[in-house]
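Worth knowing before you read on, the calculation uses all heavy atoms, side chains too, and leaves out hydrogens, waters and symmetry mates.
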Amino acid sequence: MNDKPKCFCGVFGIFGCNDAAIKTYYGLHALQHRGQEATGIVTADINEKGRKVFNVHKNFGLVSEVYNQEIFENLLTGNAAIGHNRYSTTGAADSKKNIQPFVVNYKSGNIAIAHNGNLTNAKALREKLVGDGAIFQTTSDTEVILHLIARSKLENQTEQIIEALRQIEGAYSLVILTDDKLIAARDPQGFRPLSIGKLNGSYIVASETCAFDIISADYICDVKPNELVVIDNETLINGNIKSYKIHFENREIKHCIFEYIYFSRPDSKIFGASVDKLRRKLGKVLAEKHPVIDKDGDKVIVISVPDSSNTAAIGYQTQLAKQGIPSRLEIGLIRSHYIGRTFILPGQKAREIGVKIKFNTVKGVLEDKTVVIVDDSIVRGTTSKQLVKLLREAKPKEIHLRISSPPIISPCYYGMDFPSANELIANKFNGDIEAIRQYLEVDSLEYLTIDEMLEAMVDHSKDNFCTACFSGNYPVPVELGLTKEEYDN
């Protein structure tokens, strides 16, 4: 049922707001699509003795399940907070210790961290730290960063953090809370999005701008790749956000293009551009390069696989119409939003039932029509195959499948969770699209090529994207000699 790459995580931070915990709750709610396993909030406060303290609440479940009014009134108080929604890319999913944000108290005070991404040299760093006597409480790569900060010999806390970040490689968008600062940082390649907003006099950092919209905050700018920013009480007074370079030299920008294809919400602005705009453009390029025409001259029916491909399907049909191809955008699949995170699949036909639990067809729309299904990606192909079988029951004339990304041939090591290479259908069939078409039992199948996909990225340089999952060319080296399972564990 969930044959899609998994979202990594969502992070949120706020400084200088009396109801920081509540604002963080709403921000995490808007970022729920980035992680549904667990969630946590940490707030900075001063107790009745005048001491600076961190309050923590985190647990397994959705944002709406983990927090309640009593928690906000009695536990999560203070004017600064960070939060995290988790989908585990590294670290055991069933260990509560791995739920972020992580909190420690060390020589410079309290510090909490929330991380979106994956560190590619975490295993080597962890082994070195353990050899030097470090004791790890979690199996998450994020804890490596805390150990590096705590072991710094520098006195200035910001300098400690920068020194730690200079030792790590891979993908990271971080929010860090200290006793008196909110800090945000992005890796030099800028794999993951991270934006800064403002609400009245307070400042906010979030994975996507949709987290600003829910609390009526204004988007200011992105945290730049290779940048660390510091928001403190001086910032609240003079509006000056302190900015530091992590590494002295700039590196080649490599945004994760899957953020635009699938992960981010269409109402967000990431990497400086609208997700909706670029997702529509992907659909338009798909129609330009791979149109479908009804053999009898009837209108082609264009449908999406809701909800992630809705926008690309709009772009596809719009472009068909511009090209003079008779077509109509329709709702041909209805998705159930009430399955919950677990569902018992009865009997031997569990896989077939799984798709029917999630989707149903609008038969009157599809019957005796040439149908084009627009989807954003195919991973294993199992759900796509069952979806086509379901659509056949509506008795269409033909079924054509159009994918608004290239074939996925390689796993990701930068925070996106794909299966191992031998489980990827494009890898299994050695990139033979005709063989994939036959397996899926559609009348035609076309993907965007890498060049066609990059053509749609109109607000960016084509060289500024990571396409490793489509090409196998990794912009940052990963630790060699590990299988994907070993790497993730």
Discussion item. More than 12 heavy atoms of other residues, nucleotides or ligands under 6.0 Å from CG of N18: yes or no?
Written reply: no
The reported gap from CG in D218 to CZ in F212 (rounded to nearest 0.5 angstrom) is 10.0 Å
Heavy atoms of D141 and N118 approach each other most closely as OD2-CA, 3.5 Å
F136 ring center within less than 6.0 Å of H147 ring center: yes
For this session: Could you check K462 against E455 for salt bridge (charged side-chain N to carboxylate O under 4.0 Å, His left out), going step by step and ending with a plain yes or no?
Result: CA-CA 7 Å; K462 295 179 182 180; E455 181 183 324; 5.6 Å; no
Is any side-chain heavy atom of I231 closer than 4.5 Å to a side-chain heavy atom of K181?
-> no
Check your understanding: For K97, does the NZ atom have more than 12 heavy-atom neighbours from other residues, nucleotides or ligands under 6.0 Å away?
Key -> no
*Would you say the side chain of I176 lies within less than 4.5 Å of the side chain of I82, judging by non-hydrogen atoms?*
no
Q) If you draw the axis of the six-membered ring of Y447, does the NZ or CZ of R402 fall within 45° of it and under 6.0 Å from the ring centre? A) no
* Distance-only side-chain donor-acceptor flag, H460 / Y260, under 3.5 Å -> yes
Between D232 and K242, is a salt bridge (charged side-chain N to carboxylate O under 4.0 Å, His left out) present by the stated rule, with each step listed?
-> CA-CA 9 Å; D232 55 18; K242 301 178 183 71; 2.7 Å; yes
CD1 (I22) and CZ (F72) are apart, to the nearest 0.5 Å, by 4.5 Å
